[in-house]
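In what follows, chains are A, B, ... by sequence order, proteins preceding strands, each numbered from 1.
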Number of protein chains: 2
Amino acid sequence: MAAELPRPEPPPSEPATPEPPTPEPATTGPSTPGTVRPGGRTARVRAAVLRAAEDALVERGFNGLDLGDIAQRAEVGRTTVYRRWGGTTALVADLLADMAEQSLPRTDSGSLAGDLRANARLVQRTLADPRQGALFRAVIVAANCDPDAAEALRHFYRRRVEEWAPCVTAAVERGEIPSDTDEFEVVRAVSAPLYYRMLTTAEPLDEAAADRAAQAATEAARAGAYRRRDA
Amino acid sequence: MAAELPRPEPPPSEPATPEPPTPEPATTGPSTPGTVRPGGRTARVRAAVLRAAEDALVERGFNGLDLGDIAQRAEVGRTTVYRRWGGTTALVADLLADMAEQSLPRTDSGSLAGDLRANARLVQRTLADPRQGALFRAVIVAANCDPDAAEALRHFYRRRVEEWAPCVTAAVERGEIPSDTDEFEVVRAVSAPLYYRMLTTAEPLDEAAADRAAQAATEAARAGAYRRRDA
DNA sequence: CCCCTAATGGGACTCCCGTTCCGTTAGGAT
DNA sequence: ATCCTAACGGAACGGGAGTCCCATTAGGGG
């Protein structure tokens, strides 16, 4: 019933991100709750609420979120959730910031095709997993409903893409692909068909789809489709 | 302020789809409203509400939808909207069914690269357009919140993909790409990077992105990345 | 160890979304 | 043209999400 893929079960105390969920602009009024005493109870509350929010997202989806329900699951006062996050979108944005911290290590197979296939299969397994898949669909929805959540989502994917870009750079150094290849574009090209399939079709997201995505990106990169064009 | 891309302004009378919005299963009770007398006023109401829903989606996004607001825009009773559609997701599903009817004709340039580039630029222009882009984001969100809307979205994309698949078949016949190429997969491969970019980055969706997507799909198809694998 | 106050939690209150009821309007068949 | 009733529209109702107020709890600096 707990998390399935990464989430290395951090100790309940000392949370991942003591940063303020919503860093108010230059308003030097009463600071947003959770920023002045971020330790101890505050941290436990944040962890419990994020965990509960993740569960709720998986079960009900984004627009089925009920902050009262989340508060109950987290065994936290309803008021607290409203005060600290203020709404479902900010809560999801905070969850995304938390997810962005947990980076899974990249493998290295020695060839571009192998590396991209490993990446494709990782993405495929994540999206095909009932829990993770539902979670990703939900956060994508949230990102399309709120600017802050959108920025958080972009940050999450920036991190993920940066994590895998070095395997493309390595391929350039090995001479597999043109030297002016945009490494980020290649990594994105691997994920894109998988997300597109998940969002617009009912066909299963299987390993064959992953391998096809990886092969397509590899061939296109070799052919120079991702070379930087100067404007 | 009206529609920008296709929508050939159908006459207010005689709407596009007199089919029932939500064909209830075998419940032979009082049939769903709009099915027994689909002409005249009922049709005008449907057209006005769908139009208003589209406007609202563009302005507020899916989760900002307010059926009361839509009813006012459409100059229709609030009760009518609730009775005929019952909720925002069913309304969006109906809108998607309506959108699926309007197929824009495919061009034919004589080469796979040219055809795919035309397709890519069409998709890019659609998603980059403020109105259409917001609309597509909104319906994607809706599809992730409701099974009926999801099915309607899949149907929409199935139509679009089928519309463009023949240009891949033609390329096969010209000997440009392997004969066992999955034509639908190729067409999807063109759109995928554009949607992925729109959803996960803040970078502009420009013509260069479209051309890159088209070129990548073309090269990958030539290299046989989309050949059918028998299981 | 003690104090100050940030942060939490319960409960009442408000407002708005969605439903229900019933009278009115207008298809469409004869 | 007339009738029957499907479909619409206004108004009142109920419930739940989000807000406010204040008492209670527990960081964390001294």
(Q) Output the rounded distance in Å from CZ (A:R83) to P (D:dG18). (A) 16 Å
Q: Ignoring backbone atoms, establish whether B:R84 has a side-chain N or O less than 4.0 Å from OP1 or OP2 of D:dC8.
A: yes
(Q) Quick one, B:V168 and B:V187 - any side-chain contact, counting heavy atoms below 4.5 Å? (A) yes
Q: Specify the separation, in whole Å, of atom CG of B:L91 and atom C1' of C:dG18.
A: 15 Å
Q: Classify the ring geometry between B:Y195 and A:Y196 as parallel (under 30°), tilted (30 to 60°) or perpendicular (over 60°).
A: tilted
Q | Spacing between A:Q72 atom CD and D:dA17 atom P, to the nearest angstrom | A | 11 Å
Q. Below 3.5 Å, does any donor atom in the side chain of A:T42 face an acceptor in the base of D:dG27, or the other way round?
A. no
Q.
Can you measure B:I70 atom CD1 to C:dC17 atom P for me and round it to whole angstrom units?
A. 12 Å
Q. In whole angstroms, how far is the C1' atom of C:dT8 from the CZ atom of A:R41?
A. 5 Å
Q) Starting at CD of A:E75 and ending at P of C:dT8, how long is that distance when rounded to a whole Å? A) 16 Å
Q. Nearest of D:dT19, C:dT8, D:dA6 to any side-chain atom of A:T80?
A. C:dT8
Q) When the distance from CZ of A:R46 to C1' of C:dT8 is rounded to whole Å, what number comes out? A) 17 Å
**Q.** B:Y82 side-chain N/O to C:dG18 phosphate OP1/OP2 under 4.0 Å
**A.** yes
Q: Measure the spacing between CG of A:L205 and CG of A:L194 and express it to the nearest 0.5 Å.
A: 5.5 Å
Q: Hey, which sits more toward the 5' end of DNA chain C by its nearest nucleotide, B:R78 or A:V76?
A: A:V76
Q) Whole-Å distance between D:dT19 C1' and A:W85 CH2? A) 18 Å
Q. Any side-chain heavy atom of B:T201 within less than 4.5 Å of one from A:R188?
A. yes
